[in-house]
Structure formats: structure tokens, C-alpha cells
Amino acid sequence: MDVEEEWKNYQVDDTKYEVIDDNKMLYNVTNTRLLVYDIAIRRDISEKVKTLGCGEYNTLACVIYNLISCIRKNRKLVYSRNTAEKCKNKKKISVYKVKKVVDWLEQQEYIVNFIAPSSKDKDERKVSYIVPTLKFVEEFCDSTEVQRLAELAYQEAYAYIELRNEDKEPVPFRNTKQTQRLESVVKKINLLNDICTVRDKHGNVLNNFYCRVFNNDFGHGGRFYRADVLRLPHSEGRLGRYDITINGNPVVEIDYGNLHFRLAAIRENLNIEVIGSDVYMGVLDEEEKTESNRAIVKLAVNIMFNSLNEDKAIDAIQKEINFKFKGKQDLTLKTGSEVLKRVKTAYPEFQSVFCNGDGYGSVLQNYDSELAACVLDVMASKNIPCLPVHDSFIVERQYQRTLEETMGECFRKLFQVDTMVPVGVGFRNESGEVQEYKILV
């Protein structure tokens, strides 16, 4: 199957655009599309925009064409209202101009505008977005062909990879063979996944467009972000992902076991075979093996891979204990220093890579992101939709065996090892019960 041709011809359900309940819209916003500034706009659309009498012609045309690309799949167009953001796009479209245009479109009754309340706390920030009215649809996109062409233009303008500086701000980068290779995998999975209909347990459509985000250079970070599957409510955890459907079919999620420990062992030329099936439970005494204790050990290991020194690691672990695990009756590990000491004692061979301040955790993320890219490339070549969640992957249940084999083969190929690879398998069975087990692939 030619995925790109199939994507062009894909027909969604013939449903009317529904306006979201204003009381619900800010708390679990799914099926979104980010505003892209450098989209190539059709001449007939741009000529029509010139007649509308709005002062910001280029910005208005950009917002309108982005919104046209959202219509067939009932997507919401997310935009920023933070005027402190710097203008970095080729068209010199600022946030101020976007706000002005959005307000004008709302006044003309072309859109419904959902404005998120501002917050100094980044974790509490919500998104602002717009949806078209019937007037907009009738005025700007009277045929499916217009909508398809806008989708293709959006796909061409979308940033498949992003490089960020130390302040987490996107920065420009040169187009090289390396960046083209990195972009190609993301584009493949986005095109394939976008053909599908993915829904959460409430029936909400989930957007499947990913972006790989790198830190400082293309050797650090690189994980796949932005898809809705990564933003399911924390209260639902991994069980919420088991309730996803792809094209109406149940799914299975498969994740690599203790991946960062294994990648660190490979990087440091340690014996990968000495790593047990559960390195986090391995830190605990028998009477301490509870879900909360395991969870704080897992968080501690990740913190230790990323911290500048032990004092900062202890502080970070303590914050997790005080806030995320407050009131957990099965948590017996009470201090950050105790947890750090336990991890160091259990795994002395990893002393040199814990809390060493050189961005080691970001290097390991780059390793796991390259592994994910390998798995996704193979699955895309077999026309199998696959949703990555860092080091785990979600596919329709019928493709479980194919994914298992691909994950094992990619690990051995990429890291030049000859060993079986532990993975965890999870899904809901036909009775609604959660099934989880570990196997070697």
C-alpha cells in the first residue's frame, strides 16, 4: 500500500462538527493540531482572504488554512496567546498578530474561541484553541478536495523534529542527511497513524502526530512527543492506554524491561546478563516489595541518571516522596537519602554514571529514542499503525507477535548484542480484565 496516497484519499466518518462543552474543554483537550506558521497557502484561499477586510492579511491566511486542515477529522487548532514568545518563523508571524486575527475571526462568527486561563505554573497551564463554525466551513472549504489539500500543506509544514537549547526553547538547525533521516521515520509513522481512527476509553478521538525533540544537539534526547496518547490523564496511568482502540480494535502495549539500566550497561561495557528482570524490585528487601516502593525506586534511578550531584538527586527524590506519594500506605521508604543509598548499594557497578552531571540521562534517552525509531520504521514498512510511548509501543492485538519480534530484533541489531530481550506485555482481555506478563523476545 502506498501510505501517502492512501492518506490523501482517506475518508473520515460523515459527521457534523460538534462544538465542545465549554465546561469540559480545558481539562482533557484531545484531537488537537498545533498552529504551524510556514504553511504554503493555496492561491484561491489567499485571494479570498484579501477581500475580508482584516488588516493582518498574511496571519489571517495562515490561521484560516491551518483551520481548514482540521475540519475533516474535527480537530481543534491550538495556538499561543503568550505575547512574550519570540517570533521565529519565516513569515514573521508573531503571537500578537495571531491573537488579533483570532479575535477578529471570533467577532465575525467564523470560529468559537476557547481561551485558557493564564498560569505562572507550567504544569498548570492549559491550551487555547479554536474550532470553526458552520459559517467558516461554508465560506472557505466547500469541498473535501480543499480540505485534503490543506491537510497535505500542513503535513509539509509540520516540524517532525525539534532542537531545543538549554532553556528548552526551539532553535534553528541545518538541514543535513542526518536530520532528513530523523525526520523520515517520524513522517512515516505520522502518515500511517493518521489514516487510522484512534480513540480513548471515552470515545474521544486522539491525534497521532508526533515530533522528536532533541536537547542541545542530536546526540541528546530525541524522544517522540506531542501525540495525545502521551497526555492521557495520569489518574488512568497505563490502564488508560489499554482502553485505547485503533480502528475500533483492542490494543496491546509492549514495553522494554528496565531499558535504561540495560542501555547504561551496554554503553559502559558491563555484562548485560547480570541485570535481573526487575531492577527496581531488586533494590528492595522481601517485606518492602510494594508498588509504591518500587515506583519511588524507579523514579529515583531516573533522577540519579540525570542529576548534577547526589545532593540534588536526594532533594529531587524527597520532593517526589513528599508530594507524589503523600498518603501512600504501602510506601515504607521515607527519605531521598535512604532511597539513593539503596540504589547505589544494590548496583555498585553503575556508580560512575549516577549523579555525574554530564547529561547522562539525556544520552540514554537518545539511545532509547533511536531504538524506538528502529521499531517504528520496521512497523511502518509493514503498514502496521504503532503508537510509541517512549520505550513502549501500542498496536492492535492482532499485531502483537509482530511487535514482539520487531522489538527483540531491533535491540540486538542496534546495540550489537546477542541476547534475549525482556519485555512487558499488557492489555485488557475480552472480559475487561487486565492481563500483564513478562517474556523474552
Side-chain angles (χ1 to χ4, degrees), residues 10-34 67 69-79 111-117 119 123-133 151 189-190 192-211 224-255 324 384-390 392-400 425-436:
Y10 181 66
Q11 295 285 347
V12 299
D13 295 338
D14 185 20
T15 55
K16 300 295 183 184
Y17 200 97
E18 296 180 2
V19 176
I20 309 300
D21 180 351
D22 196 12
N23 294 320
K24 299 177 182 176
M25 57 90 182
L26 292 177
Y27 300 102
N28 186 23
V29 183
T30 60
N31 199 26
T32 59
R33 172 159 275 183
L34 292 175
L67 196 53
S69 78
C70 296
I71 289 173
R72 281 204 309 150
K73 286 202 168 184
N74 294 343
R75 291 199 170 111
K76 312 163 190 74
L77 184 63
V78 173
Y79 71 101
I111 63 168
V112 179
N113 185 18
F114 297 96
I115 301 175
S119 173
D123 293 333
E124 293 298 320
R125 288 179 187 170
K126 309 299 180 183
V127 297
S128 296
Y129 65 89
I130 59 177
V131 295
T133 62
E151 289 170 6
I189 67 166
N190 283 352
L192 181 58
N193 290 343
D194 205 51
I195 296 172
C196 305
T197 299
V198 182
R199 297 182 184 273
D200 66 12
K201 71 176 184 179
H202 306 293
N204 299 315
V205 176
L206 303 181
N207 177 40
N208 317 309
F209 255 55
Y210 286 86
C211 173
F224 293 74
Y225 289 102
R226 292 197 182 149
D228 284 344
V229 67
L230 295 162
R231 300 192 300 108
L232 293 176
H234 289 297
S235 59
E236 296 179 5
R238 69 184 187 283
L239 301 185
R241 298 199 293 268
Y242 295 169
D243 293 317
I244 287 172
T245 59
I246 299 178
N247 292 330
N249 299 318
V251 300
V252 60
E253 181 174 11
I254 307 177
D255 69 290
K324 191 172 289 186
I384 298 175
C386 186
L387 308 177
V389 184
H390 303 321
S392 72
F393 306 88
I394 299 169
V395 296
E396 294 168 76
R397 285 285 308 279
Q398 60 182 310
Y399 300 121
Q400 176 177 337
V425 179
F427 58 90
R428 285 193 189 276
N429 63 21
E430 293 179 357
S431 302
E433 299 170 328
V434 172
Q435 302 287 301
E436 294 181 323

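In what follows, residues are counted from 1 in the order of the sequence shown. Here the structure is a predicted model, which is why all the values come from computation and not from measurement.
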message: Between Leu230 and Phe224, is there a side-chain heavy-atom distance shorter than 4.5 Å?
response: no
task: Using atom types as modelled and distance alone, determine if a side-chain donor or acceptor of Asn207 lies under 3.5 Å from a backbone N or O of Ala227.
output: no
- request: Please name all residues satisfying salt bridge (charged side-chain N to carboxylate O under 4.0 Å, His left out) with Asp228, sequence neighbours left out, ordered by chain then number.
  value: Arg231
field: Residue pair Tyr79 / Asn113, side-chain heavy-atom distance below 4.5 Å
entry: yes
task: Decide yes or no on side chain to side chain contact (heavy atoms under 4.5 Å, CB included) for Tyr129 and Thr32, but give the supporting numbers first.
output: CA-CA 8 Å; Tyr129 65 89; Thr32 59; 5.7 Å; no
query: Which atom names give the shortest non-hydrogen contact between Val229 and Pro388, and what distance separates them?
result: CG1-O, 4.2 Å
- request: Output the distance between atom CZ (Arg33) and atom NZ (Lys73), rounded to the nearest 0.5 Å.
  value: 8.5 Å
- prompt: What do the steps show when you test Arg226 against Phe209 for side chain to side chain contact (heavy atoms under 4.5 Å, CB included), and what is the final call?
  reply: CA-CA 7 Å; Arg226 292 197 182 149; Phe209 255 55; over 6 Å; no
message: Side chains of Tyr399 and Asn249: any donor to acceptor distance under 3.5 Å?
response: no
- request: List for me each residue that meets side chain to side chain donor-acceptor pair (under 3.5 Å) alongside Asn193, sequence neighbours excluded, and say none if there are none.
  value: none
Rounded distance (nearest 0.5 Å) linking atom CD of Glu253 with atom CG of Leu239: 10.0 Å
CG-CG distance between Leu387 and Leu206, expressed to the nearest 0.5 angstrom: 8.5 Å
message: With a 3.5 Å distance limit and no angle check, can you tell me whether Asn190 reaches the backbone of Tyr210 through a side-chain donor-acceptor pair?
response: yes
Arg428 versus Val434, closest heavy-atom pair with distance: NH1-CG2, 3.5 Å
- prompt: What pair of heavy atoms forms the shortest contact from Val251 to Arg397, and how long is it?
  reply: O-CD, 3.5 Å
- prompt: Got a second to check how far Ile394's CD1 is from Thr245's OG1, nearest 0.5 Å?
  reply: 11.5 Å
message: So, taking the atom named NE2 in His202 and the one named CG in Leu232, what distance separates them when rounded to the nearest 0.5 Å?
response: 8.5 Å
- prompt: Which heavy atom in Glu436 sits nearest to a heavy atom in Tyr242, and how many Å separate them?
  reply: OE2-OH, 2.6 Å
Donor + acceptor pair across side chains of Asp200, Asn204 (<3.5 Å): yes
- prompt: Under 3.5 Å, side chain of Ser128 to main-chain N/O of Ala116, donor-acceptor pair present?
  reply: yes
task: Begin from the C-alpha positions of Phe427 and Arg241 and carry the test side chain to side chain contact (heavy atoms under 4.5 Å, CB included) through to its verdict.
output: CA-CA 9 Å; Phe427 58 90; Arg241 298 199 293 268; over 6 Å; no
message: Just verifying a value: how many Å separate Asn208 CG and Asn31 CG, rounded to the nearest 0.5 Å?
response: 8.5 Å
message: side chain to side chain contact (heavy atoms under 4.5 Å, CB included), that's the test. Do Arg75 and Val205 meet it? Break it down for me.
response: CA-CA 9 Å; Arg75 291 199 170 111; Val205 176; over 6 Å; no
query: Closest heavy-atom contact between Leu192 and Pro385?
result: CD2-N, 3.8 Å
query: How far apart are the closest heavy atoms of Pro132 and Ile71, and which atoms are they?
result: CG-CG1, 4.1 Å
